[in-house]
There are 2 protein chains.
Amino acid sequence: MDHNGEPKRPLSGTRPPIQPRNFQEGRADQRSARPPRGSRTYSRRSLHGRVAHDLGSRILGGKLKPGQVLAPEDELSAALGVSRTALREAIKLLAAKGLMESRPRTGTRIRPREHWNFLDPDVLAWHFEAEPVERSVRDLFQLRRMIEPAAADMAAQQAGAAAVARLQQAFRDMDAAGDDGEKWEEPDLRFHQTIIQATGNELISSLGAIIETALTMSFRLSNDNPTGQRHSLPLHRAVLNGIQSRKPQKARQAMLVLLEQAEQDVRRALAVRRSGTQRPAAGGRN
Amino acid sequence: MDHNGEPKRPLSGTRPPIQPRNFQEGRADQRSARPPRGSRTYSRRSLHGRVAHDLGSRILGGKLKPGQVLAPEDELSAALGVSRTALREAIKLLAAKGLMESRPRTGTRIRPREHWNFLDPDVLAWHFEAEPVERSVRDLFQLRRMIEPAAADMAAQQAGAAAVARLQQAFRDMDAAGDDGEKWEEPDLRFHQTIIQATGNELISSLGAIIETALTMSFRLSNDNPTGQRHSLPLHRAVLNGIQSRKPQKARQAMLVLLEQAEQDVRRALAVRRSGTQRPAAGGRN
DNA sequence: GGTCCATTAAATCCTCATACTATATTGTCC
DNA sequence: GGACAATATAGTATGAGGATTTAATGGACC
């Protein structure tokens with residue numbers, strides 16, 4: 001079998017190498033583009049990390065489709081300009097998140113979409129990186145509405161004094177941030193995380209990563225057209241009151257209102273972004 | 001520098017090798033012990049897969065504690081009796097699930113527990129493998145009560161004809177299974193998965209893996225003292241009715257009842273197992 | 001004399017290249 | 001049609017450097 005016909009495997013042939021060699025993006029980039037200091041599970045510095053990011057983005061972006069078989073390791077690693085070792089470690093990372101699966105002789109193939117672990121912080125981040133579309137926003141808030149009101153309820157029942165104090169502090173910090181979006185994000189996230197943690201349920205705690213992604217995304221959107229976060233302050237206060245006064249139902253309801261408001265904000269920002277400008281998204285904040 | 005003082009790093013020194021060489025466990029074991037054909041993301045055949053399983057179990061089992069630094073790669077791979085390649089790939093796999101983190105000079109250390117992704121099927125499986133204790137059961141059902149009734153509600157609103165048909169089929173298969181636990185498990189899982197999928201929300205779909213683990217566990221427990229699943233048949237029927245007759249509230253309520261019943265069953269089985277016999281758990285089904 | 005900063009040093013992971021092995025698919029022969 | 005051989009591919013092993021982060025050292029300045 002003469003393989004002259006170039007069997008048309010994805011990612012075979014010449015592709016721009018991942019990052020030809022000595023990359024200077026590391027430092028500079030991380031500073032200017034807001035460190036998503038979140039719960040990423042791989043290093044952006046390491047080569048296999050960058051390969052994983054590259055492949056992961058391409059899978060979530062739909063450029064690599066479920067069922068597709070990647071080019072053989074030799075070929076693919078050559079195409080990416082990295083060693084087989086680096087590529088294989090990247091593949092292991094992605095396989096661990098349910099995105100792909102390797103077998104001898106058969107090769108490495110993209111697993112069907114229903115096996116992808118969208119609850120993994122990285123997978124979700126790649127998902128939003130690819131397409132922050134309405135559907136994803138809807139999905140995200142559907143899940144949050146299932147979790148967070150119930151979590152607030154539980155917190156109102158059983159949050160310890162320390163947790164309540166943390167909650168109060170987070171609220172004060174949000175208040176102090178005023179309209180400065182930069183300063184707002186962190187305590188906002190801390191507020192929601194504290195509630196999630198206060199459930200004392202590790203499974204639910206792990207969903208905190210989802211919330212983080214949600215907030216990061218909504219913040220990035222509202223950066224372009226600042227609707228201002230201040231109007232959500234009283235909503236947060238209501239949640240806080242419900243919890244510290246031990247009124248589960250009040251806390252639950254307040255959280256629900258808060259989420260609906262938040263979703264509307266995101267939708268509005270998304271609409272503006274879509275209709276108005278198609279500014280290069282990756283550019284900056286002018 | 002005489003390293004005679006044996007710095008007491010975990011996993012240094014002599015340990016039983018992972019599985020010295022040619023292992024014949026693969027085939028035989030997989031057949032007898034019910035293939036958890038679930039959503040595992042690694043191969044049990046491969047060496048790095050076994051190493052990952054070994055380390056993962058030890059982390060979730062508490063034998064390796066957060067903050068601990070593993071022995072250097074050379075040392076650890078020697079101790080485990082595998083090559084550095086295999087070890088490194090295992091580490092990448094575990095790192096992708098939030099369990100550990102590697103840095104030059106510092107070494108590889110177990111991440112704090114709150115970073116562990118308990119929503120990952122493998123992590124959850126290792127968790128239950130280690131200690132199917134009451135607390136984990138409580139956590140699991142708390143989460144299910146947040147998700148599944150809401151999912152049933154959504155399904156009642158928007159499930160397509162195909163989904164309803166699948167649901168009916170699953171129900172019929174459960175009915176046909178009667179008291180045969182072996183035959184019951186699969187359609188039961190299918191029933192719940194179908195509902196989860198019918199939400200049309202990929203994030204929620206990913207939670208299906210959690211359900212799977214829950215059912216697998218409860219099945220394994222109820223295997224020893226068969227309470228019989230038949231009594232849950234009418235409960236499933238109620239859910240099915242709610243969905244196919246497009247009554248969201250009914251479906252939601254029915255699912256809630258179903259879950260409470262299921263949790264009680266598991267708790268009962270757990271209590272019996274705990275008090276009565278300490279039979280070797282890994283043994284069989286005598 | 002103490003504090004801070006730059007430079008050096010060392011430990012560990014990271015990447016590479018290469019060779020060999022194991023496994024599963026495919027094709028072939030009877 | 002079934003057993004068996006050929007083959008492509010991922011899996012494992014090994015050795016050698018390179019890169020990076022932490023720690024230590026030394027000097028300058030107050």
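Letters A, B, ... are given to chains in the order of the sequence lines, protein chains preceding strands, and every chain is numbered from 1.
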| By side chain to side chain donor-acceptor pair (under 3.5 Å) - contacts of A:Asn201 (at least two apart) | B:Gln142

| remark: Here the helical stems involving DNA chain C, each at least 3 consecutive Watson-Crick or G-U pairs closer than 3.5 Å, sorted by first residue number, are C:1-30 with D:1-30

| task | Answer yes or no: is there an ion pair linking A:Arg40 with A:Asp122, defined by an N-O contact shorter than 4.0 Å? | result | no

| query | Less than 4.0 Å between a side-chain N and a carboxylate O, is that true for B:Asp173 and B:Arg190? | reply | yes

| For A:Arg166, salt bridge (charged side-chain N to carboxylate O under 4.0 Å, His left out) partners two or more places apart | none

| note | Residue set satisfying side-chain contact (heavy atoms from CB on, under 4.5 Å) with B:Pro112, at least two apart, ordered chain then number -> B:Glu114, B:His115

Pull out every protein N or O sitting under 3.5 Å from an N or O of nucleotides 13-15 of chain C, one pair per line with the distance.
unit_1 : atom_1 : unit_2  : atom_2 : d
C:dC13 : OP2    : B:Glu73 : N      : 3.0
C:dC14 : OP2    : B:Arg88 : NH1    : 2.8
C:dC14 : OP2    : B:Arg88 : NH2    : 3.4
C:dC14 : N4     : B:Arg84 : NH2    : 3.2
C:dT15 : OP1    : A:Leu47 : N      : 2.1
C:dT15 : OP2    : A:His48 : ND1    : 2.5
C:dT15 : O4     : B:Arg84 : NH2    : 3.3

| field | Separation of D:dT21 P from B:Arg109 CZ (nearest whole Å) | value | 15 Å

| task | Working to the nearest 0.5 Å, report the span between CG of A:Asp139 and CD1 of B:Ile204. | result | 7.0 Å

| What is the distance, rounded to the nearest whole Å, between atom OH of B:Tyr42 and atom C1' of D:dG11? | 17 Å

| note | With sequence neighbours left out, the residues meeting side chain to side chain donor-acceptor pair (under 3.5 Å) with B:Ser77 are none

| Whole-Å gap separating C1' (D:dT9) and CG (A:Leu76) | 13 Å

| field | A:Arg88 and B:Glu89 ion-paired at < 4.0 Å | value | yes

